[in-house]
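Taking it in order: structure first as structure tokens, then the write-up.
Every value quoted in this text rests on a predicted model; they were computed, and no experiment measured them.
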Amino acid sequence: MSGDFLAQMAAGSRERVRAAQRACSDAALLARARAAAQPPLLQRSPAGFDLIAELKLRSPAAGQLRSAGEDVAALVVAYAQAGAAAVSVLTEPSRFDGSMAHLEIAARALVPLRVPAMRKDFLVDPYQVSEARLAGAAGVLVILRMLPPAQIEALLERAHTLGLFVLLEAFDEYDIELLHGLVARQARPLSGLLAGVNCRDLSTLRVVPGRLEQLVPLLPTSMARVAESGVGSADDARRVAAAGYDLALVGSALMQGGDPHALASAMLQAGRAVRRAALPGARS
């Protein structure tokens with residue numbers, strides 16, 4: 001049961017790849033992606049805690065979050081102005097109302113602010129990494145649970161070729177074991193890889209309290225750690241920063257709130273206050 005959702009998403013993703021390849025070959029797309037303008041790079045704050053703010057119009061767990069007529073550019077600019085280090089953009093169409101057009105609009109709007117966009121989807125083929133780069137993205141999400149190691153490594157290779165960062169998403173201890181194996185086999189620097197924990201149960205799509213804290217000690221220490229799902233307030237940001245996460249990916253809370261700029265700012269301030277307090281010499 002737990003694999004049904006990802007299996008459905010993967011099947012739909014493969015069909016989209018097949019349709020796109022009928023219009024443009026992998027080699028042709030890769031050449032176009034290589035020639036595209038360089039997107040802004042992911043820059044982490046010396047304050048020790050950052051936010052990846054997400055554009056997500058609909059969620060299978062929470063339902064409709066924003067209308068299809070949402071001003072994508074205005075929303076992602078608000079995220080960036082609040083201090084987000086990157087903006088995640090859902091491009092999956094069937095369950096999240098996403099599109100590559102949203103990614104293109106977001107990436108274009110973020111360039112003057114020097115904030116990178118990240119494609120979030122159920123990627124199954126290096127072709128989709130090239131699509132992301134051509135649309136202006138600087139990073140992609142890769143779900144460890146969904147693919148065999150050889151396919152994950154093919155996605156990583158394409159991302160490295162195109163200069164994209166990769167958020168590797170784990171759901172449990174087994175996924176983190178896979179992550180350690182991938183890291184051990186990497187011959188290149190790990191600076192372009194982030195280790196994420198999604199605390200959503202795949203069978204119910206509900207957030208599992210405590211899973212973020214339970215799994216963070218198991219993550220590789222050589223990579224920045226990202227808390228995904230279940231982070232929706234300043235208190236949550238404070239909690240995950242204290243647990244050891246370097247970034248939080250926040251979508252539904254920002255999309256549902258009336259003032260995403262204020263919420264993103266409050267979360268960043270809360271997480272960074274925890275990191276300041278932990279510095280040597282900080283007052284208790």
Side-chain angles (χ1 to χ4, degrees), residues 2-20 51-76 78-79 84 86-107 109-110 116-125 127-129 131-132 134-147 155 166-171 196-207 226-232 248-257 260 263-264:
S2 63
D4 287 353
F5 176 74
L6 287 184
Q8 292 168 12
M9 293 295 96
S13 187
R14 290 187 185 96
E15 181 52 43
R16 284 184 279 137
V17 170
R18 286 191 289 268
L51 201 66
I52 301 175
E54 188 160 88
L55 175 76
K56 177 169 61 175
L57 300 185
R58 182 157 62 103
S59 160
Q64 199 71 38
L65 302 173
R66 293 285 181 111
S67 72
E70 179 68 36
D71 188 337
V72 169
L75 186 58
V76 301
Y79 288 165
V87 175
S88 168
V89 180
L90 260 296
T91 59
E92 198 287 322
S94 68
R95 302 289 294 274
F96 293 87
D97 289 355
S99 72
M100 292 301 294
H102 293 159
L103 181 59
E104 292 170 2
I105 293 167
L110 292 168
M118 179 185 85
R119 181 182 187 183
K120 188 174 180 184
D121 206 321
F122 299 84
L123 303 187
V124 295
D125 193 287
Y127 189 94
Q128 296 165 301
V129 180
E131 286 181 326
L134 184 60
V140 292
L141 175 91
V142 172
I143 302 172
L144 292 164
R145 174 72 58 88
M146 208 169 70
L147 300 169
L155 293 172
V166 179
L167 172 54
L168 291 162
E169 181 175 82
F171 284 89
V197 171
N198 190 326
C199 65
R200 198 172 294 281
D201 185 291
L202 285 171
S203 60
T204 65
L205 298 183
R206 294 176 182 170
V207 167
V226 185
E228 305 176 57
S229 296
V231 183
L249 190 153
V250 183
S252 297
L254 291 172
M255 297 300 293
Q256 290 174 314
L263 178 57

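- Summarising the geometry, atom CG belonging to Leu51 is positioned 8.0 Å from atom CG belonging to Leu249; distances are rounded to the nearest 0.5 Å.
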Give the C-alpha distance, both sets of side-chain angles, the deciding distance and a yes or no for side-chain hydrogen bond (donor to acceptor under 3.5 Å, both in side chains) between Thr91 and Lys120.
CA-CA 6 Å; Thr91 59; Lys120 188 174 180 184; over 6 Å; no
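- Here the closest heavy-atom approach between residue Leu263 and residue Ala253 is recorded as CD2-O, 3.7 Å.
- The residue from Glu54, Glu92, Glu131 that alone fulfils the salt bridge (charged side-chain N to carboxylate O under 4.0 Å, His left out) condition with Arg119 is Glu131.
- Contact of the Val17 side chain with the Gln128 side chain is registered, since non-hydrogen atoms from C-beta on lie closer than 4.5 Å.
- Annotation: Arg18, atom CZ; neighbour count of heavy atoms from other residues, nucleotides and ligands within 6.0 Å is above 12.
- Asp201 places a side-chain N or O within 3.5 Å of a backbone atom of Thr204 that can act as its donor or acceptor partner.
- Residues Leu110 and Pro116 approach most closely at CD1-O, 4.1 Å, considering heavy atoms.
- The minimum heavy-atom distance between Leu202 and Phe5, with the atom names listed, is O-CB, 4.3 Å.
- In this structure, Glu15 contributes its side chain and Ala11 its backbone to no donor-acceptor pair below 3.5 Å.
- Two residues are said to be in side-chain contact when any heavy atoms from C-beta on lie closer than 4.5 Å; Val140 and Leu155 fail this criterion.
- In this structure, Ala137 and Ala107 approach most closely via the heavy-atom pair N-CB, 4.4 Å.
- A donor-acceptor contact shorter than 3.5 Å is absent between the side chain of Arg95 and the backbone of Arg58.
- Considering only residues two or more places apart in sequence or on other chains, Glu228 meets the salt bridge (Lys or Arg N to Asp or Glu O under 4.0 Å) condition with none of them.
- Screening Met9, Met100, Arg16 for a side chain to side chain contact (heavy atoms under 4.5 Å, CB included) with Asp121, the sole residue that qualifies is Arg16.
- Among all heavy-atom pairs drawn from Leu254 and Tyr79, the shortest one is CB-OH, 3.5 Å.
- What you find for Met146 and Leu6 is that their closest heavy atoms are SD-O, 3.9 Å.
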Test side-chain contact (heavy atoms from CB on, under 4.5 Å) applied to Leu90 and Leu57, step by step:
CA-CA 8 Å; Leu90 260 296; Leu57 300 185; over 6 Å; no
Any chance you could lay out the side-chain contact (heavy atoms from CB on, under 4.5 Å) test for Phe122 and Ile143, step after step, and finish with the verdict?
CA-CA 7 Å; Phe122 299 84; Ile143 302 172; 3.5 Å; yes
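- Side-chain atoms of Ser88 do not come within 3.5 Å of backbone N or O of Ala53 as any donor-acceptor pair.
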For His102 and Ser99, what are the C-alpha separation, side-chain angles and deciding distance, and is it a side-chain contact (heavy atoms from CB on, under 4.5 Å)?
CA-CA 5 Å; His102 293 159; Ser99 72; 3.4 Å; yes
Check the pair Val89, Met118 against side-chain contact (heavy atoms from CB on, under 4.5 Å), reporting the backbone distance first and the verdict last.
CA-CA 6 Å; Val89 180; Met118 179 185 85; over 6 Å; no
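- None of Leu75, Val76, Val250 except one satisfies the side chain to side chain contact (heavy atoms under 4.5 Å, CB included) rule with Pro260; the exception is Leu75.
- Taking OG of Ser13 as the reference point, atom OH of Tyr127 lies at 12.5 Å (rounded to 0.5 Å).
- Using a 4.5 Å cut-off on side-chain heavy atoms (C-beta onward), Leu147 and Val124 make contact.
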